Structures are given as C-alpha cells and as structure tokens.
> 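Below you will find the structure I want to go over with you.
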Amino acid sequence: MSAAWVLEFVLLAALWGASFLFMRLGASEFGPLATAGLRVILATVFLWPIMVSRGQWPALKAQWRAILLIGVVNSAIPFALYAWAVLSINTGLAAILNATTPLCGALLAWLWLGERPGRMKALGLAIGFTGVVLLALDKASFKPGGSGFAVLACLAATFCYGWAANLTRRYLSGVPALANATGSQLGSALVLALPTALSWPSQAPSLQAWAAIAAIAVFCTGIAYILYFRLILHAGPARAMTVTFVTPLFAVAYGGLFLGEQITPWMVLCGVVIVCGTALSTGLIQIKK
C-alpha cells in the first residue's frame, strides 16, 4: 500500500475500532436488530445526498442489483451478528475475532476465484486459523450463559466480510467508492427495515444510546465505508481487509477506557498469532528463501 493511503488506512481502523464500543452502547438499549437497522438506515440518509451531489447516482443505477446484494452480505448480516455478540463478549475480543476477516477473504479467493496460495500463504492460513481455534477454545463455552455462540457469530460475520470483498472485486470493479458505499447501505436498510420495526424496544432509549447509534451510522459506517471501498479499489481487497489488524488496537483501547474491559495475556497472544498468520496469508509479509 502506498504512503498516500496510510492516513486513510489508520483513520478507518480508528473508526471501525470505535464501532464495537458504539454497538455495545446502542444494542444494550435498542437490541441487536434495531441497532443494526438504524445503523444502515441513518448511514443511507447521510450518504445519499453526498452521492447525488457528486454525480455518482448513474454508477449506482447501472450496478444497483449487485451493489444492493453485496451490501446485505457486507453490512446487514455482519452488523446484526456483531451487535448481538457484543452483548455477551467484550468488545476487545470481538475486534480480535474480526481480525480473521482477511483470512476468510484469502480462503474464499482460493476456493472460489481459484487464487491458489503459495506455500507461505498456505502456512499463513494455517497459523491464522490455529490462533482462532486457540482463542475460541479459551473463550467459547456452550453451556447456559456461555459465550460460544457469540464467538461463532463474530466468525460468521468475518466470513461475510471476506465474501463481500471478493464479490466487490469480481463484480464491482471500477464502481466509484461513494456509489458503492451508499448502495450497500441502502440494500441493508431495505432488508433490516422490517426487523428493526418489529424489534423496537418498548422502553424509550436514552440520549446516550441515540448518540451511539448516530456515531456508528455517520462515522463508523457512512464515512468508514467510503474509505473502505476506496482502499479495495486502489489497494486490492486483500490489503484493504488488513485494516482489521489495526482495528483491535483501537477497540481494546476504547473498551478499556470507556467500558473498563480487561484483555488477558492469552487473548493478546492469540491475537498476535491471528495477525501474523493473516499477514502471511495475504502476502503482506513475505519470507524469502
């Protein structure tokens, strides 16, 4: 990735790191489905006039089916899964699991697009998934009140992200980032509108919960997805997804500062294993013979 994209890369990591904090604050009062639904609905409202003013409506109109469908995979499903998961596990753990996104992207590129990895990349996949297994064995419990299903929900969300990144590269190459971001949120909003209405909380949410929803919609979704799709188009999906390496650093810091969460040494160790394996699998780190 060229130096010109470093600032956007770090900014995106900071915004997505904050999304786990805001999801927890929002979902605790709105519930997971309403949190995810409001996130994409408000993000659509924020992005739409910007897209139209930039003259990118024709680009969205030309590829609207693919953009809306990929939006469901890239936003509606994973947003709902994470909003549900962070009610059972701390935000730092969710962010560490989110770092497996490039692993899923590389694995799907291999199985679906035929991009066979070399020995080092295959080794990276093995190392990364070993880290996931070790972390899951330590944290996932399927006993009543356990966090096992929350961990699985996070991993399912990362699978969706990896799939969507490859779909974007295959079917939406050349589509402007703003049209892509706006359309993806619109597709998600259409899918989540009814579940949001049906799951609306009976008790009025607090101002803090509304502020968290607004922040996650505008900053962590609207602005962040513009940056993300720009990175996919200019740096490739594999490298764009490596933003999830940095995201846990911000998420852990936010969780510790605002929620009093603790990160165990084992979580840190497994996180390092996941990041190292992902870096190898995506070619970010290359070992010369």
Side-chain angles (χ1 to χ4, degrees), residues 2 4-5 7-16 18-19 22-23 26 30 33-80 82-83 160-161 163-197 200 209-237 239-241 243:
S2 65
W5 300 102
L7 180 59
E8 290 187 0
F9 184 89
V10 174
L11 177 59
L12 179 58
L15 290 173
W16 274 350
S19 70
F22 294 136
M23 273 191 289
F30 280 98
L33 287 176
T35 295
L38 285 173
R39 178 178 182 179
V40 295
I41 291 169
L42 295 178
T44 303
V45 172
F46 169 76
L47 289 169
W48 192 269
I50 301 175
M51 180 197 67
V52 173
S53 67
R54 298 288 180 86
Q56 294 188 15
W57 162 243
L60 172 56
K61 185 178 180 181
Q63 297 284 348
W64 68 272
R65 290 182 179 86
I67 293 175
L68 266 61
L69 176 60
I70 293 173
V72 173
V73 178
N74 199 53
S75 298
I77 298 173
F79 287 178
Y82 270 116
C160 290
Y161 287 144
W163 185 22
N166 283 288
L167 286 170
T168 298
R169 182 177 62 167
R170 180 160 186 174
Y171 297 109
L172 300 178
S173 179
V175 175
L178 186 55
N180 215 336
T182 305
S184 68
Q185 298 314 298
L186 175 60
S188 298
L190 293 174
V191 168
L192 289 175
L194 181 59
T196 297
W200 196 260
W210 275 109
I213 293 295
I216 199 174
V218 174
F219 295 105
C220 304
T221 307
I223 294 175
Y225 267 92
I226 294 175
L227 295 174
Y228 180 59
F229 283 116
R230 281 169 58 89
L231 286 171
I232 288 179
L233 291 175
H234 296 284
R239 287 189 173 182
M241 285 186 291
V243 71

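Since the model is a prediction, treat every value here as computed from it, not as a measurement.
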> Just by distance, do the side chain of Thr221 and the backbone of Ile216 share a donor-acceptor pair under 3.5 Å?
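Confirmed, Thr221 side chain pairs with Ile216 backbone.
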
> Report the residue from Leu186, Val191, Leu192 that forms a side chain to side chain contact (heavy atoms under 4.5 Å, CB included) with Val40.
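By the side chain to side chain contact (heavy atoms under 4.5 Å, CB included) criterion, Val40 pairs with just one of Leu186, Val191, Leu192: Leu192.
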
> Measure across Ala59 and Pro176 and return the closest heavy-atom pair with its distance rounded to 0.1 Å.
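The answer is CB-CD, 3.6 Å.
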
> Give me the atom names and distance for the closest heavy-atom approach of Ala179 to Gln56.
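In this case the closest contact between Ala179 and Gln56 is N-OE1, 2.9 Å.
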
> Using 30° and 60° as the class limits, which term best fits the ring planes of Tyr82 and Tyr161: parallel, tilted or perpendicular?
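Tyr82 and Tyr161: parallel rings.
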
> Which atoms form the tightest heavy-atom contact between Leu68 and Gly187, and what is the distance?
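In terms of heavy atoms, the two residues are closest at CG-CA, 3.7 Å.
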
> Quick check, are the ring centers of Trp64 and Trp57 under 6.0 angstrom apart?
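No.
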
> Ignoring hydrogens and angles, tell me if any N or O in the side chain of Glu8 forms a donor-acceptor pair with the backbone of Leu227 under 3.5 Å.
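A pair under 3.5 Å: no.
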
> Are Tyr228 and Thr168 close enough that some pair of their side-chain heavy atoms sits under 4.5 Å apart?
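A side-chain contact is absent here, since even the closest heavy-atom pair is not under 4.5 Å.
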
> Just verifying a value: how many Å separate Leu12 CG and Leu231 CG, rounded to the nearest 0.5 Å?
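Reported to 0.5 Å precision, the distance equals 6.0 Å.
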
> Let me confirm one number: the CE-OG1 distance from Met51 to Thr44, rounded to the nearest 0.5 Å.
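If I round to the nearest 0.5 Å, the distance is 10.0 Å.
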
> Does a side-chain heavy-atom distance below 4.5 Å link Trp210 with Leu38?
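With C-beta onward as the side chain, the pair touches.
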
> Which residue in the set Phe22, Phe30, Phe79 passes side chain to side chain contact (heavy atoms under 4.5 Å, CB included) when paired with Arg39?
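Answer after filtering Phe22, Phe30, Phe79: Phe79.
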
> Nearest 0.5 Å, what's the OG1-CD1 distance between Thr35 and Ile213?
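With rounding to 0.5 Å, OG1 (Thr35) is 4.0 Å from CD1 (Ile213).
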
> For residues Leu42 and Ala217, report the shortest heavy-atom separation together with the two atoms involved.
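Shortest heavy-atom contact: CB-CB, 3.5 Å.
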
> Mind checking the CZ-OG1 spacing from Arg54 to Thr182? Nearest 0.5 Å is all I need.
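It is 10.5 Å, given to the nearest 0.5 Å.
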
> Give me the atom names and distance for the closest heavy-atom approach of Cys160 to Pro78.
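Reported closest heavy-atom pair: CB-CD, 4.1 Å.
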
> Under a 4.5 Å cut-off applied to non-hydrogen side-chain atoms, are Leu47 and Leu178 in contact?
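Yes. Closest side-chain heavy atoms under 4.5 Å.
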
> Could you measure the distance from the CG atom of Leu69 to the CD1 atom of Ile67? Nearest 0.5 Å is fine.
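Here the rounded value is 11.0 Å.
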
> Check Ala76 against Ser188 and note the closest heavy-atom contact, atom names and distance.
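Heavy-atom minimum between the residues: N-OG, 3.1 Å.
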
> Supply the atom-to-atom distance Leu190 CG to Gln185 CD, rounded to the nearest 0.5 angstrom.
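So the CG of Leu190 and the CD of Gln185 are separated by 11.5 Å.
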
